[in-house]
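In what follows, every chain begins at residue 1, and chains take the letters A, B, ... in the order their sequences are listed. Quick caveat: nothing in here was measured; it's all calculated off a predicted structure.
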2 protein chains.
Amino acid sequence: MRRMKFHPTTEDLELPAVLHALSDPHRLRIVRALADEPTPRRCGSFDLDVTKSTLTHHFRVLREAGVIDQRVDGTARLNSLRREDLERRFPGLLDAVLASAPVA
Amino acid sequence: MRRMKFHPTTEDLELPAVLHALSDPHRLRIVRALADEPTPRRCGSFDLDVTKSTLTHHFRVLREAGVIDQRVDGTARLNSLRREDLERRFPGLLDAVLASAPVA
DNA sequence: TCGCTAATACGACGACCATCGTACCAAAGT
DNA sequence: ACTTTGGTACGATGGTCGTCGTATTAGCGA
């Protein structure tokens, strides 16, 4: 199952980019959902009130910041959190973000 | 020593706003500096290569997100981190951010 | 082959952002 | 009162961001 292009390596993860990726409520909801259910999920399976193209945009921001991993599975893209990579590079950061109360 | 206006209360701190405030390299450097030296510091005492008005902008973003506290002391503004408030609202978040390698 | 599905590509739009320059203000020192 | 100091207010500018619509592509199934 092929990996999509432009995933930063673990060492290349940059804190400002990660924080910016997480600073959008929609993207934050995606990350929470991925953390709650560790099974890789399709882009369309997140109940966000935006169009498909906007969704594509948000997933790209998350991927290029190194927050998520995207793999090609037929016509779908399977998304998963890069928990280990984030933990190695920014210990405790993701857990702290996930621990805060869900966004309204 | 009077507090400046528009400090959000602890309960009103919002994660996206805090993450956005921390996602700028200049502001990140300010926060690191405030964490390293807990004595309240003047806005001008941070060695950032931006003009005064830009500096004012960054400090306002940090204050309105609830990351820092700004008090009026004569002509100066004394800045300090809202560590306890941030810790209560988003446990571990600030420590995780500060623990990561400094920005180049 | 002919759709159907899931997502991307591209272009557009308004909003916001970081930055700056200039003008201004308030406190402190002389 | 004048000057200096530390910072704010305001307006402008160029760039990025979130959003959308439309067109397009890749894979799957009938």
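- Here the side chain of B:Ser53 is nearest to one of C:dA6, D:dA9, D:dT19, namely D:dA9.
- Atom-to-atom, CE of A:Met1 to C1' of C:dA7 comes out at 16 Å; the value is rounded to the nearest Å.
- A straight line from CZ of B:Arg60 to C1' of D:dA9 spans 9 Å, rounded to a whole angstrom.
- A:Val72 comes within contact range of no nucleotide atom at all, as no heavy-atom separation falls under 4.0 Å.
- We find that NE2 of B:His20 is positioned 10 Å from P of D:dC17, with the value rounded to whole Å.
- Residue A:Arg2 is out of contact with every strand shown, counting any heavy-atom pair closer than 4.0 Å.
- Of the candidate nucleotides C:dC20, D:dT22, D:dG6, C:dC20 has the atom lying nearest to any side-chain atom of B:Thr51.
- Of the candidates D:dG27, C:dA9, D:dT8, D:dG27 carries the atom nearest the A:Thr75 side chain, counting heavy atoms from C-beta on.
- Side chain of A:Ala76, nearest nucleotide from D:dG18, C:dT8, C:dA6: C:dA6.
- Nearer the 5' end of DNA chain C, as judged by each residue's closest nucleotide, is the contact made by A:Arg77, out of B:Thr54 and A:Arg77.
- Proximity of B:Val61 to B:Val67: side-chain heavy atoms (C-beta onward) are nowhere separated by under 4.5 Å.
- Remark: side-chain polar atoms of B:Asp73 are not paired, donor with acceptor, to backbone N or O of B:Ala76 under 3.5 angstrom.
- Closest approach of B:Pro8 and B:Glu64 over heavy atoms only: CG-O, 3.5 Å.
- One interatomic measurement links the two molecules: NZ of A:Lys5 to P of C:dA9, which rounds to 10 Å at whole-angstrom precision.
- Proximity note for A:Met4 (side chain, C-beta onward) versus C:dT8, D:dT8, D:dT19: the nearest is C:dT8.
- In this structure, A:Leu55 atom CG and C:dT5 atom C1' are separated by 15 Å, rounded to whole Å.
- The closest donor-acceptor contact from the side chain of A:Arg82 to the backbone of A:Leu86 lies at 3.5 Å or more, if one exists at all.
- One interatomic measurement links the two molecules: NE2 of A:His57 to C1' of C:dC10, which rounds to 14 Å at whole-angstrom precision.
- One interatomic measurement links the two molecules: CG of B:Leu62 to P of D:dG7, which rounds to 14 Å at whole-angstrom precision.
- Atom CZ in B:Arg71 sits about 16 Å away from atom P in D:dG7, given to the nearest Å.
- Side-chain contact, B:Ser53 with B:Thr56: no donor N or O sits under 3.5 Å from an acceptor N or O.
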